[in-house]
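Every chain is numbered from 1 and lettered A, B, ... according to where its sequence line falls, protein lines coming before strand lines.
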Amino acid sequence: AQSVTQLDSQVPVFEEAPVELRCNYSSSVSVYLFWYVQYPNQGLQLLLKYLSGSTLVKGINGFEAEFNKSQTSFHLRKPSVHISDTAEYFCAVSLYSGGYQKVTFGIGTKLQVIP
Amino acid sequence: GAVVSQHPSRVICKSGTSVKIECRSLDFQATTMFWYRQFPKQSLMLMATSNEGSKATYEQGVEKDKFLINHASLTLSTLTVTSAHPEDSSFYICSAEGQDYTGELFFGEGSRLTVL
């Protein structure tokens, strides 16, 4: 079974500063990796995903993430955050099981951008 | 990208009544949909997997008689909370699996249920 660990439940950061949200996963087989963002009282939307190929993945809103197989990590980064980036961020992994892709989410990291 | 619409976004009901939440895939056919429950400041808890034309698969600890799921068509899944109680108050989110079958999910806007 796979699992996802988001090490930081909350990350406060000043506007225009860089940020890194950490995600580690465990799985005995290859997985696909995702980052989703959730704004208050809304559903989740995809920020970026890693399926294969280049380990550096670029997503929407200036975010990027790097897949590191040896460290089983998929950390999310942004060089300069904006107030509008304040939201909850979820890391997720999926693997094929029982006829469909089984998705496991991390507990989420709340990014608080301080003006 | 694929769009999933969830309705209603907010619902308030009295204890003992039933509430139905709809989840529609607007521009694609969704063979598989998922229902999640999200508690305040917590992650998403998968409640059940809904497959078109067959019975839903419930996660351990989820009462299937209380949370009725119907996936009658390739674009519609419904969650009915039967005989709702205050402890059922929560944020419910549906999602549909993308057609590339990588596990990418497309989420509805969520439904905030408040049971008085």
Query - Over 12 non-hydrogen atoms of neighbours within 6.0 angstrom of NE2 in B:His7 - result: no

Query raised in the report: From B:Leu105 CG over to A:Gln45 CD, what is the distance, rounded to the nearest 0.5 angstrom?
Result: 14.0 Å

Query raised in the report: Linking I/L/V/M/F/W/Y whenever any side-chain heavy atoms sit under 4.5 Å apart, do A:Phe63 and A:Val113 land together?
Result: yes

Report task. Tell me whether A:Phe67 is reachable from A:Val29 by hopping between hydrophobic residues (I, L, V, M, F, W, Y) whose side-chain heavy atoms are closer than 4.5 Å. Result -> yes

Report task. Measure distances from B:Gln6 to the heavy atoms of chain A and classify the residue's part below 4.5 Å as side chain, backbone, both or neither. Result -> neither

Query raised in the report: Going hydrophobic residue to hydrophobic residue with side-chain gaps under 4.5 angstrom, can you get from A:Val11 over to A:Trp35?
Result: yes

Query raised in the report: So, does B:Thr102 use its side chain to make a donor-acceptor pair with the main chain of A:Leu51 at under 3.5 Å?
Result: no

Query raised in the report: Which region of B:Glu104, side chain (C-beta onward) or backbone (N, CA, C, O), has a non-hydrogen atom less than 4.5 Å from a non-hydrogen atom of chain A, or is it both or neither?
Result: both

Requested in this report: Might you confirm whether atom NZ of A:Lys58 has over 12 heavy atoms from other residues, nucleotides or ligands at distances under 6.0 Å?
Outcome: no

Query raised in the report: Among the clusters formed by ILVMFWY side chains lying less than 4.5 Å apart, do A:Phe74 and A:Leu76 turn up in the same one?
Result: yes

Requested in this report: Carefully, step by step, assess A:Asn41 and B:Arg10 under the rule side chain to side chain contact (heavy atoms under 4.5 Å, CB included).
Outcome: CA-CA 10 Å; A:Asn41 294 311; B:Arg10 291 179 182 272; 3.9 Å; yes

Report task. State whether the side chain of B:Ser43 and the backbone N or O of A:Gly106 hold a donor-acceptor pair below 3.5 Å, judged by distance alone. Result -> yes

Query raised in the report: Can you say whether A:Gln38 sits under 4.5 Å from chain B via the side chain, the backbone, both, or neither, judging by heavy atoms?
Result: side chain

Query - chain B contact via A:Leu44 - side chain, backbone, both or neither, heavy atoms under 4.5 Å - result: both

Report task. Heavy-atom pairs under 4.5 Å with chain A are the metric here; pick the option from B:Met45, B:Gln38, B:Arg112, B:Glu97 that has the most. Result -> B:Gln38

Query - Contacting region of A:Ile107 [heavy-atom separation from chain B under 4.5 Å] - result: both

Query raised in the report: Would A:Val57 end up clustered with A:Leu33 when hydrophobic side chains under 4.5 Å apart are linked, directly or stepwise?
Result: yes

Report summary line: When rounded to the nearest 0.5 Å, the distance separating OH of A:Tyr36 from CZ of B:Phe107 is 5.5 Å

Report task. Select one option (side chain, backbone, both, neither) describing which atoms of B:Thr49 are under 4.5 Å from chain A's heavy atoms. Result -> side chain

